Amino acid sequence: MQGNFIERHIQEDLGADTQRLQTRFPPEPSGYPHIGNAKGIWINFSLAAQFGGKCNLRIDDTDPTKENMAASVEALKDGIRWMGFKWDGFFYASNYFDKLYEFAVTLIKKGKAYVCDLDGEQLRDYRGSFTQPGKNSPFRERSVEENLNLFTRMKAGEFENGARTLRAKIDMASPNMNMRDPVIYRIIHHEHYNAPGWCIYPTYDYAHPLSDAIEGITHSLCGVEFEDHRPLYEWCVENVGGFDPAPRQIEFGELNLTNAILGKRFIRKLIEDGVIGYWDDPRLVTLAGMRRRGYRPAALHNFFEAAGVAKSIANVDISVLEQFVRDDLAQDSKVVMAVLDPIKLVITNYPEGQTEMLEMPNNPKNPEMGTRQIPFGRELYIEADDFTETPPPKYHRLYPGNEVRLAGAYFVTCTNVIKDESGKITEIHATYDPATKSGSGFSQRKVKGTIHWVCAERAVPIQANLYSYLVFDDENAEEGFVFNPNSLVVAENALAEPSIKQAAPDDRFQFMRNAFFCLDAKDSAEGKMTFNRIVELKSSFK
RNA sequence: UGGGCUGUCGCCAAGCGGUAAGGCAACGGACUUUGACUCCGUCAUGCGAAGGUUCGAAUCCUUCCAGCUCAGCCA
């Protein structure tokens with residue numbers, strides 16, 4: 001059986017009974033999910049779907065001091081739904097505080113946990129270092145009765161924050177720091193928004209494996225960063241005991257998107273500094289941001305599928321993501337023309353004052369999407385890039401003497417170039433051949449190049465503000481034109497989202513070459529923040 | 001610095017002792033109303049390095065190198 005290593009583990013563990021698979025996605029509610037988190041969502045949910053198993057959404061809210069919980073939970077739910085997944089169970093780790101407390105009592109009774117009076121600094125001292133083993137806490141050998149008594153009083157609120165902790169009794173000499181008697185309960189006098197009445201809270205290392213066990217999770221899939229925690233995960237499950245199935249933690253390599261803005265800490269800072277709008281800023285690869293940019297979930301699924309699942313950390317460039325976005329959009333999006341860097345093309349043998357309407361397919365790959373009428377006239381704008389006076393080898397676009405096709409219109413031959421006194425090209429002159437009209441069946445000669453264009457009379461300049469986007473050239477939007485230099489793809493659904501109108505600027509070719517956003521010249525003049533600038537900022541951030 | 005993990009083409013990634021899958025990118029060609037799309041074809045005597053075991057090694061052993069990660073009462 002082919003498949004990634006996680007799929008193989010699942011099959012080995014579950015045999016023919018793969019529908020027993022139970023996974024979970026356990027985010028901490030602190031910020032909006034981004035594409036990195038989305039990989040975890042995708043792995044857990046799609047594996048469950050693939051094997052006929054189940055996947056829970058569990059909010060890991062063991063730390064009551066974290067802020068912004070409610071909003072984050074909604075963002076998480078939105079993101080998961082948007083990706084097309086449904087959770088089978090929805091829980092909070094805080095739902096299990098009672099049980100977790102009982103488990104801790106069990107551990108104490110088994111002599112596996114003890115109340116420690118060391119403070120934070122002492123704890124660090126006693127823990128030792130990478131090269132030196134830790135020292136046993138002087139409180140390590142307290143009697144079960146004393147531990148029980150103290151732990152009860154911790155719960156009752158008799159002690160101050162940080163005065164005591166409950167620690168797992170494992171091995172202070174372990175080379176794995178996580179096993180040096182980790183703290184499993186701490187005193188925090190802070191009301192939990194979802195679980196009132198507590199002043200002691202379990203730590204992640206303790207709550208996570210046991211929450212998995214309580215929910216009957218069979219496979220706990222997480223990032224490789226938790227690899228060192230696996231022995232402790234297993235220790236908790238085994239020493240509390242009695243779980244069937246006992247959950248198994250398997251780690252996968254996280255996704256690292258290069259040239260993208262990732263990392264909640266950094267995003268938060270950008271928002272605080274006013275550099276970007278909010279978590280759903282389209283320049284971000286948060287689920288909300290990508291959604292506003294018109295990405296669709298299928299693109300993400302395909303992307304993750306192609307990137308694969310392995311133990312090494314994948315370093316994928318954002319252009320690969322964009323490739324998948326384009327592939328997805330190209331299927332059924334409206335394809336339109338626009339010019340980003342215009343230069344005037346005058347068709348000297350076309351009657352002055354005349355305009356005609358030409359028919360263009362909405363999507364060349366998909367004739368069922370119909371056609372639209374676009375205006376054509378004597379004066380057009382073409383892409384400055386599509387003309388050169390000195391063509392390099394294999395240049396098939398417009399240059400003096402060369403004939404090209406204007407997409408959806410006629411063949412034109414460049415006759416000459418008009419320049420101003422500084423030598424800058426102001427107009428390109430050409431003649432057209434009426435016989436070559438699109439759809440006429442003309443086949444006497446062929447051209448190597450086809451270029452896009454817009455009718456000068458009907459074109460409208462791009463709006464000059466930071467968060468502008470270009471408008472369609474279809475019947476509903478005569479005001480302007482959207483352009484995609486290569487794939488000519490525009491996401492119709494993106495423009496359906498009202499918020500998209502506030503969307504991103506950015507370096508149009510660097511950021512998303514074929515997207516529907518553009519950087520306005522005035523923005524750069526004013527020094528407003530562009531995507532590349534943010535990436536620079538990011539590298540200086542750490 | 002001790003531990004753990006990772007290291008196979010520019011980027012991902014199969015491979016699990018029997019003689020290096022696949023995808024993306026790139027390149028060559030065909031086709032084409034954009035150079036996109038599509039279709040053909042090319043693309044690792046090589047698997048971080050060096051030794052060793054074996055008839056045979058990316059796969060086993062040894063040593064070394066590089067990257068990531070761990071010393072929160074965060075997750």
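A note on names: the letters A, B, ... follow the listed sequences, proteins ahead of strands, and every chain is numbered from 1. Note: hydrogens, waters and symmetry copies are ignored here, and every other heavy atom, side chains too, is used. Predicted model, so just to flag it, every value in this text is computed and none were measured.
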Which whole number of Å gives the distance between the P atom of A58(B) and that of G41(B)? 28 Å

Please report, rounded to the nearest Å, how far the P atom of C74(B) is from the NE2 atom of His208(A). 17 Å

Atom of Pro29(A), atom of Val73(A) and distance for their closest heavy-atom approach: CB-CG2, 4.0 Å

What pairs of nitrogen or oxygen atoms, one from the protein and one from nucleotides 5-9 of chain B, lie under 3.5 Å apart?
from  : atom 1 : to        : atom 2 : distance (Å)
C5(B) : O2'    : Glu227(A) : OE1    : 3.4

Between Phe252(A) and Phe5(A), does the ring centre distance come in under 6.0 Å? no

Where does G18(B) fall, syn or anti, if syn means a chi angle no more than 90° from 0? anti

Nearest to side-chain heavy atoms of Ala310(A), which nucleotide of C73(B), C11(B), A13(B): A13(B)

Taking the C1' atom of each, how far is C16(B) from G2(B), in whole Å? 30 Å

What nucleic acid atoms does Leu118(A) come within less than 4.0 Å of, heavy atoms only: base, sugar-phosphate, or nothing? base

Lys66(A) vs Glu28(A), test: salt bridge (Lys or Arg N to Asp or Glu O under 4.0 Å). Steps then yes/no. CA-CA 9 Å; Lys66(A) 287 266 153 71; Glu28(A) 175 192 28; 2.6 Å; yes

Heavy atoms under 4.0 Å, any strand shown: does Gly449(A) hit a base, just sugar-phosphate, or nothing? nothing

In whole Å, I'd like the distance from the CD atom of Glu403(A) to the C1' atom of U33(B). 13 Å

Quick one: sort the Phe45(A) and Phe25(A) rings into parallel, tilted or perpendicular, breaks at 30° and 60°. tilted

Parallel, tilted or perpendicular for Tyr432(A) and Phe376(A), by the 30°/60° rule? tilted

Just to be sure I understand the rule, does Arg167(A) reach a base, reach only the sugar-phosphate, or reach nothing, if contact means heavy atoms closer than 4.0 Å? nothing

Quick one: on RNA chain B, does Asp386(A) or Gly308(A) contact a more 5' nucleotide (nearest heavy atom)? Gly308(A)

Nearest whole Å is fine: how far is A75(B) C1' from Ile184(A) CD1? 17 Å

Under the 6.0 Å and 45° cation-pi test, does Lys77(A) pair with Phe90(A)? yes

Holding to side chain to side chain donor-acceptor pair (under 3.5 Å), I want the full list of residues that pass it with Arg230(A), two or more places apart in sequence or in another chain. Glu251(A)

From A71(B), A75(B), C12(B), nucleotide with atom closest to Ala307(A) side chain: C12(B)

Base, sugar-phosphate, or nothing for Phe226(A), non-hydrogen atoms under 4.0 angstrom? base

In whole Å, I'd like the distance from the CD atom of Glu383(A) to the C1' atom of U34(B). 11 Å

Give me the atom names and distance for the closest heavy-atom approach of Ser440(A) to Ala435(A). OG-O, 3.3 Å

Touch class at under 4.0 angstrom, heavy-atom based, for Thr62(A) against every strand present: sugar-phosphate

With rounding to whole Å, what would you report as the distance between A49(B) and U8(B) at their C1' atoms? 14 Å

Distances under 3.5 Å only, N/O to N/O: pair up the protein atoms with those of nucleotides 28-32 of chain B.
from   : atom 1 : to        : atom 2 : distance (Å)
U32(B) : OP1    : Lys446(A) : NZ     : 3.1

What are the two closest non-hydrogen atoms of Asn402(A) and Leu398(A), and how far apart are they? O-CD1, 3.7 Å

Report the residue from Lys169(A), Arg140(A), Arg127(A) that forms a salt bridge (charged side-chain N to carboxylate O under 4.0 Å, His left out) with Asp181(A). Arg140(A)

Under 4.0 Å, heavy atoms only, any strand: does Val309(A) hit a base, just the sugar-phosphate, or nothing? sugar-phosphate

For nucleotides U19(B) and U62(B), find the distance between their C1' atoms and express it as a whole number of Å. 24 Å

Which residues share a ring-ring contact (aromatic ring centres under 6.0 Å, His included) with Tyr126(A), sequence neighbours left out: none

Compare side-chain N and O positions of Arg405(A) against OP1 and OP2 of U34(B) and report whether any pair is under 4.0 Å apart. no

Answer yes or no: does a side-chain N or O of Arg127(A) lie under 4.0 Å from OP1 or OP2 of C73(B)? yes

Would you mind reading off the distance between Glu254(A) atom CD and U69(B) atom C1', rounded to a whole angstrom? 10 Å

Answer with base, sugar-phosphate or nothing: what part of the nucleic acid does Tyr395(A) contact at a heavy-atom distance below 4.0 Å? base

Pairwise P distance for U6(B) and C60(B), with rounding to whole Å: 12 Å

Hey, does the side chain of Arg186(A) come within less than 4.0 Å of A75(B)'s phosphate (OP1/OP2), counting only N and O? yes

Say you pick atom P in G48(B) and the same atom in U32(B); how far apart are they, in whole Å? 46 Å

My understanding is that only residues two or more places apart in sequence, or in another chain, count here; which of them pass salt bridge (Lys or Arg N to Asp or Glu O under 4.0 Å) with Arg180(A)? none

With sugar-phosphate meaning primed atoms plus P, OP1 and OP2, does Asp60(A) contact a base, only sugar-phosphate, or nothing at under 4.0 Å between heavy atoms? sugar-phosphate

Taking the six-membered ring for Trp, is the centroid-to-centroid distance between Phe226(A) and His208(A) below 6.0 Å? no

Any base atoms under 4.0 Å from Gly134(A), or only sugar-phosphate, or nothing? Heavy atoms, all strands. nothing

What are the atom names and distances for every N/O pair under 3.5 Å that joins the protein to nucleotides 1-3 of chain B?
from  : atom 1 : to        : atom 2 : distance (Å)
G3(B) : N2     : Asp228(A) : OD1    : 3.3
G3(B) : N2     : Asp228(A) : OD2    : 2.5

Classify the nucleic acid contact of Asn315(A) as base, sugar-phosphate or nothing, counting any heavy atom under 4.0 Å across all strands shown. sugar-phosphate

So which one's nearest nucleotide on RNA chain B is more toward 5', Gly439(A) or Pro26(A)? Gly439(A)

Just the rounded figure in Å: distance from P of G72(B) to OH of Tyr126(A). 17 Å

Report the distance from atom CD of Glu225(A) to atom C1' of G4(B), rounded to the nearest whole Å. 14 Å

Using a heavy-atom cut-off of under 4.0 Å over every strand shown, decide if Leu406(A) touches base, sugar-phosphate, or nothing. nothing

Rounding to an integer number of Å, can you tell me how far His396(A) NE2 sits from A36(B) P? 11 Å

Assert yes or no for the condition that the ring centre distance of Tyr185(A) to Tyr206(A) is strictly below 6.0 Å. yes

